Amino acid sequence: MGIKDWLLDKKFKNLLKGLESNSLDIQRKSALGLLEIKDQVMDELLDNFDNLRPGGKKNLVVVMGKIKNEKSAGLLINILKDSDVLLRDKAVESLLSLGKDLVATRLLDAMKEGNRGFLSEALKVLNRMDIADIPKDKKIHYFIARDEYHECVDIGEITVEPLLNSLEEHKDDSDRKRSIVIALGKLGDPRAVPQLIGLLYDQDKYVRERTVEALGLIGDRKAIQSLVNMLEDSNAWVRKAVVKALDELCWVPDDKYTEAQYNLAKKNYKKCIEIGKPAVNLMINILEKAEDQDIETIQEIIRALGKIGDVKSTGVLISYLKDNNNDIRNAAVEALIDIGPVASVNILKELNETKEEKTKDALVKVIGDIGDEQSALTLIELFIKEKASIKATIASALGKIKCKEAVVPLIDVIRDKSGGRQVVENSIVALGEIGDRRALEPLLDIMHEGQYLMGKVKNITAQALGKIGDERAVTTLVDNIQDKGCAMSCIEALGSMACPESAEALYLIMVGEIECSVDTRITAVKALEGIGGEEIQAILYASLEEIKDEKVKKEVVKSLSNLGVDISHKQGSKFNRKKL
C-alpha cells in the first residue's frame, strides 16, 4: 500500500469512527468528510456498515442518502429488512432523497423476495413516489402489498404465482385470503386449484365460500370430488356456493347419497323427503354442527325430518325443543308428531331425565298430540307427582290420548282443586275429551257451585258435559242457560247432546222470551237444528212469525234449509204453527 492509499485508509477509518462519536459536531464533520471521498471509499463503506454501532449505522444511512449511485441504493434497500425500527426509518428517508430514478425499479424488484415486514417498509418509500409511468407488470408485488388485487387480475396470468405465494404468506389473515382467492378465481388459472382445495377446510366460513366460488370460476374438474365433500359444510351459504360451482362444472350425482347431499345443500327439501332415509343422517349432521344457520333453514330441515319419519332423527329433534327460538321449537314439536308413536320411547326417556320445565312441557304436548296410548301410564304417574305447571299440560295430553285410566286422577284433581285453576280447567277439558260417564257427577257438582266459580270454569264444564253426552246433564245445563257467563256453552252442549227435553228452553232463548244477546239466540237456533226431527222443524218454522230480529230469522231459515225444509213453498198442513 502506497503512502497515498495509507493516508486515505487512515482518514476513512477516522471519519467512520467519527460517525459513532457522542458529539453531534464530530458526527456532522465526519459525514461531510465521507461525502468528500465517497467515490474512493464506496466499497469500504458498504463492507464496514455491519461493523458499526447503532448510532454510527444511522449516521451512515443518512450519508448514503446523499450518495446517489446504485451501490448506495442497494445498501439502503437491504437495510429496510433490518430489525431496528429507527434504522429502517432513516433508510426510508434516505431512499426518498436518492429519488425515483435510482430507487423505484430496484425496490420493485426487491419486493419479489421480500417478507411481509420488508414489503411494508418498501411501501413507505414507493407510496411517496410517482411510479405511474412504470409498467404494471413490473409492479405486481407492489399491487399485492397494497391489497390491490384487481390490478393483478388486469395484468393477467403472470400474477398467479405471486398471488399464491402471498396466499401462503398471509395464511393467518382471513381478510387478505378472501381477497386473493377472489382474484385467483377471476384469473381462472388451473395452477391455483391445489392450493385452493386446501382452503376449502379453512376455519373462516367466508374464506371457504369464496374458495368454492373461485373453483367454480376456474372450472377444473379435478376439484369436483373436493367440492362434493363440501356439500356437508356446516354453513348454509358455503353449501349454496358449492351447488352453484358443481352446476358450473356440469356435475350430476351418481347415487342416492350424493343426490341427497346435493339437494339438501340446494335447499330442495321436497326432493330430500322423496329420497327418504339416505338424507336423514345428512340432515341430522347439519343440525348437530349448525354454524350460525339461519332460522328458516333449521326449520325446513326439522320439518323434512318429520315428514321422512325415521326414528333415528328423534334425538336431534328433541334437542331442538330446548332452543331459544319459539318457531324452531314449534317446528321440532310438529316433526316429532309427524314421526308418531315410534318416537315415543325416546320422548319418554327424555321426559324422565330432563330437569328443564320448558322441555318437559314440550315433550308432554308432543306425547299428547301423537296420541300414543302406550305412553299414557307414564303420563299418569307424572301427573300425580309433577308440579302444577307441568300437571296442567299432562292433563291436556291425557285428554287428547283419551286415556280412560286417567279418569280417576283427573276427577280427584277437580274435586279437591289441587294444583291451581289451570290444572283444574285442563282436567275438566280432558274429562270431556275422554267422554267417560264416571266424570258426570263431579262435573255436575262444579256446575252447581254457581257463582263460586268464574264463568270460564263453568263454560268448559258445560262443554265437557256436552261431549260426554249423558242426558242426566240436561237439567243442569238448562238451569244454567240464563247464566250469562256460561249460557253459550250450555246451549252448545245441549245442541251436541241432541236431547229433545231441552227444546223448550232453547226455544225460549231463540224467540227472545229470555233476555240474552243476539249471538246467544243464534246459538240456540243451531242447537235446535242439532236436535232435529219433525217436531223441531215445526218449532223453527213457527218461530219465523214471532222472531223480529232479522239476523236470528236468517239463521232460522238457514237451519230449516239444512233440515230439508223448503220455506219458499207453502208447507200446507205439514207443519202446525204451534208454539211450545
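Since the structure is predicted, the reported quantities are computational estimates derived from the model, not experimental observations.
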Chemist: Are the side chain of R208 and the backbone of Q203 linked by a donor-acceptor contact shorter than 3.5 Å?
Modeler: yes
Chemist: Give, for atom CG of D175 and atom CG of D147, the distance between the pair rounded to the nearest 0.5 Å.
Modeler: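 Nearest 0.5 Å value for the CG-CG distance: 9.0 Å.
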Chemist: Under a 3.5 Å distance rule, please check whether R329 uses its side chain to pair with a backbone N or O of D323 as donor and acceptor.
Modeler: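 Judged by distance alone, yes, a pair lies under 3.5 Å.
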Chemist: For the side-chain contact (heavy atoms from CB on, under 4.5 Å) test, which of I347, N352, L348 pairs with L363?
Modeler: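 For L363, the side-chain contact (heavy atoms from CB on, under 4.5 Å) check succeeds only for I347.
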Chemist: Count the heavy atoms of every other residue, nucleotide or ligand shown that sit under 6.0 Å from CD of E296, and state whether that count exceeds 12.
Modeler: no
Chemist: Quick check: does any side chain N or O of E151 sit under 3.5 Å from a backbone N or O of F143, one acting as donor and the other as acceptor?
Modeler: no
Chemist: Please examine the side chains of L199 and L167, heavy atoms only from C-beta on, and report whether any two atoms are closer than 4.5 Å.
Modeler: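 A side-chain contact under 4.5 Å exists here.
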Chemist: I'd like to know whether NZ of K312 has more than 12 heavy-atom contacts from other residues, nucleotides or ligands below 6.0 angstrom.
Modeler: yes
Chemist: When you check the gap from the basic side-chain N to the acidic O, do D84 and K57 get nearer than 4.0 Å?
Modeler: no
Chemist: Under 4.0 Å between a Lys/Arg side-chain N and an Asp/Glu carboxylate O for E209 and K240?
Modeler: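 Looking at E209 and K240, the cut-off is not met.
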Chemist: Answer yes or no: are there more than 12 heavy-atom neighbours, outside E157 itself, under 6.0 Å from its atom CD?
Modeler: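 Open.
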Chemist: Carefully, step by step, assess D109 and K112 under the rule side-chain contact (heavy atoms from CB on, under 4.5 Å).
Modeler: CA-CA 6 Å; D109 286 340; K112 296 176 183 177; 3.9 Å; yes
Chemist: Using modelled atom types only, decide if a donor and an acceptor are shared between the side chain of K205 and the backbone of N235 within a distance under 3.5 Å.
Modeler: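 No; zero donor-acceptor contacts below 3.5 Å.
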Chemist: Do other residues, nucleotides or ligands put more than 12 heavy atoms under 6.0 Å from E274 CD?
Modeler: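 Correct, the count exceeds 12.
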Chemist: Closest heavy-atom contact between C152 and L187?
Modeler: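 Scanning both residues completely, I find the closest heavy atoms to be O-CD2, 4.0 Å.
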Chemist: Taking the side chain as everything from C-beta on, heavy atoms only, tell me whether S313 gets closer than 4.5 Å to I339.
Modeler: yes
Chemist: To the closest 0.5 Å, what do you measure between OG1 (T359) and CD1 (I390)?
Modeler: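 Atom-to-atom, T359:OG1 and I390:CD1 are 9.0 Å apart.
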Chemist: Can you tell me how far apart CD (E334) and CD1 (I337) are? Round to the nearest 0.5 Å.
Modeler: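 Taking CD in E334 and CD1 in I337, the distance rounds to 7.0 Å.
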Chemist: Nearest 0.5 Å please: distance from the CG atom of L317 over to the CG atom of L321.
Modeler: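 So the gap between those two atoms works out to 8.0 Å.
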Chemist: Would you call D43 and K71 a salt bridge, using N to O less than 4.0 angstrom?
Modeler: yes
Chemist: Could you measure the distance from the CD1 atom of I302 to the CG atom of D327? Nearest 0.5 Å is fine.
Modeler: 10.5 Å
Chemist: If you take all heavy atoms of K222 and I197, which pair is closest and at what distance?
Modeler: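 Scanning both residues completely, I find the closest heavy atoms to be O-CD1, 4.3 Å.
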Chemist: Just verifying a value: how many Å separate L19 CG and L52 CG, rounded to the nearest 0.5 Å?
Modeler: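 One finds 7.0 Å between CG of L19 and CG of L52.
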Chemist: Any side-chain heavy atom of I182 sitting closer than 4.5 Å to one from K186?
Modeler: yes
Chemist: Of all heavy-atom pairs between L287 and Y320, which one has the smallest distance, and what is that distance?
Modeler: O-OH, 3.0 Å
Chemist: Test your reading of the model: is there a side-chain donor-acceptor pair from S319 to the backbone of V316, 3.5 Å cut-off?
Modeler: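 Flag set: sc S319 to bb V316 pair under 3.5 Å.
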Chemist: Does W251, at its CH2 atom, have more than 12 non-hydrogen atoms belonging to other residues, nucleotides or ligands within less than 6.0 Å?
Modeler: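 Check passes, neighbour count above 12.
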Chemist: Test side-chain contact (heavy atoms from CB on, under 4.5 Å) on V62 and K90; report intermediate values, then the result.
Modeler: CA-CA 7 Å; V62 174; K90 294 285 186 184; 4.2 Å; yes
Chemist: Check whether any side-chain heavy atom of V423 sits under 4.5 Å from a side-chain heavy atom of I394, and report yes or no.
Modeler: no
Chemist: Pick from I77, L126, L80, L95: which one makes a side-chain contact (heavy atoms from CB on, under 4.5 Å) with E121?
Modeler: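 Of the listed options, the one satisfying the test is L80.
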Chemist: Can you tell me if T354 uses its side chain to pair, donor with acceptor, with the backbone of L351 under 3.5 Å?
Modeler: no
Chemist: Does a donor on one side chain sit under 3.5 Å from an acceptor on the other, for D294 and T297?
Modeler: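 Indeed, the side chains of D294 and T297 share at least one donor-acceptor pair under 3.5 Å.
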Chemist: Looking only at atom types and distance, does a side-chain atom of R239 sit under 3.5 Å from a main-chain N or O of D233, one as donor and one as acceptor?
Modeler: yes
Chemist: Answer yes or no: is there an ion pair linking K177 with D173, defined by an N-O contact shorter than 4.0 Å?
Modeler: no
Chemist: Applying side-chain contact (heavy atoms from CB on, under 4.5 Å) between M230 and each of V243, L200, L246, report the one that passes.
Modeler: L200
Chemist: Does the side chain of M42 come within less than 4.5 Å of S72's, by heavy atoms?
Modeler: yes
Chemist: Can we say E357 and K360 salt-bridge, meaning some charged N sits less than 4.0 Å from an Asp/Glu carboxylate O?
Modeler: no
Chemist: Check K349 with E353, please: is the shortest side-chain N to carboxylate O separation under 4.0 Å?
Modeler: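 Yes, E353 and K349 are salt-bridged.
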Chemist: Got more than 12 heavy atoms from elsewhere within 6.0 Å of NZ, K66?
Modeler: no
Chemist: May I ask you to check whether R146 and Y142 show a side-chain donor-acceptor distance below 3.5 Å?
Modeler: yes
Chemist: Check step by step if salt bridge (charged side-chain N to carboxylate O under 4.0 Å, His left out) holds for D369 and K400.
Modeler: CA-CA 7 Å; D369 287 331; K400 290 178 181 178; 2.9 Å; yes
Chemist: Check step by step if side-chain contact (heavy atoms from CB on, under 4.5 Å) holds for V228 and Y262.
Modeler: CA-CA 8 Å; V228 170; Y262 174 77; over 6 Å; no
Chemist: Verify whether one side chain among E161 and N165 offers a donor that lies under 3.5 Å from an acceptor in the other.
Modeler: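 No.
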Chemist: Report yes if the side chains of Y149 and T159 come closer than 4.5 Å at any heavy-atom pair, otherwise no.
Modeler: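 Answer no - side chains too far apart.
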Chemist: Is there a donor-acceptor contact under 3.5 Å from the side chain of T393 to the main chain of V364?
Modeler: no
Chemist: Shortest non-hydrogen contact from C272 to A260?
Modeler: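 Closest heavy-atom pair between C272 and A260: SG-O, 4.1 Å.
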Chemist: Looking at L282 and P278, what are the two nearest heavy atoms and their distance?
Modeler: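 Smallest interatomic distance, heavy atoms only, reads CD1-O, 3.9 Å.
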Chemist: For atom NZ of K307, decide whether the heavy atoms of other residues, nucleotides or ligands shown that lie under 6.0 angstrom number more than 12.
Modeler: no
Chemist: Between E350 and K322, does any side-chain N to carboxylate O distance fall below 4.0 Å?
Modeler: yes
Chemist: Between D133 and K100, is there a side-chain N and carboxylate O pair less than 4.0 Å apart?
Modeler: yes
Chemist: Show the numbers, then the answer: is there a side-chain contact (heavy atoms from CB on, under 4.5 Å) between L196 and I218?
Modeler: CA-CA 11 Å; L196 290 176; I218 292 170; 3.5 Å; yes
Chemist: Could you tell me if the side chain of E300 sits less than 4.5 Å from the side chain of K267, heavy atoms only?
Modeler: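 No, every pair of side-chain atoms sits at 4.5 Å or beyond.
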Chemist: Decide whether R28 and N59 meet the rule of one side-chain donor and one side-chain acceptor closer than 3.5 Å.
Modeler: no
Chemist: Answer yes or no: is there a donor N or O on one side and an acceptor on the other, between the side chain of Q27 and the main chain of S21, under 3.5 Å?
Modeler: yes
Chemist: Give me the atom names and distance for the closest heavy-atom approach of L98 to V103.
Modeler: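 Distance-wise, the nearest heavy atoms are CB-CG2, 3.8 Å.
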Chemist: Heavy-atom distance under 4.5 Å between the side chains of Q299 and N330, does that happen here?
Modeler: no
Chemist: Closer than 3.5 angstrom, by distance alone: can the side chain of K139 be matched with the main-chain N or O of L108 as a donor-acceptor pair?
Modeler: no
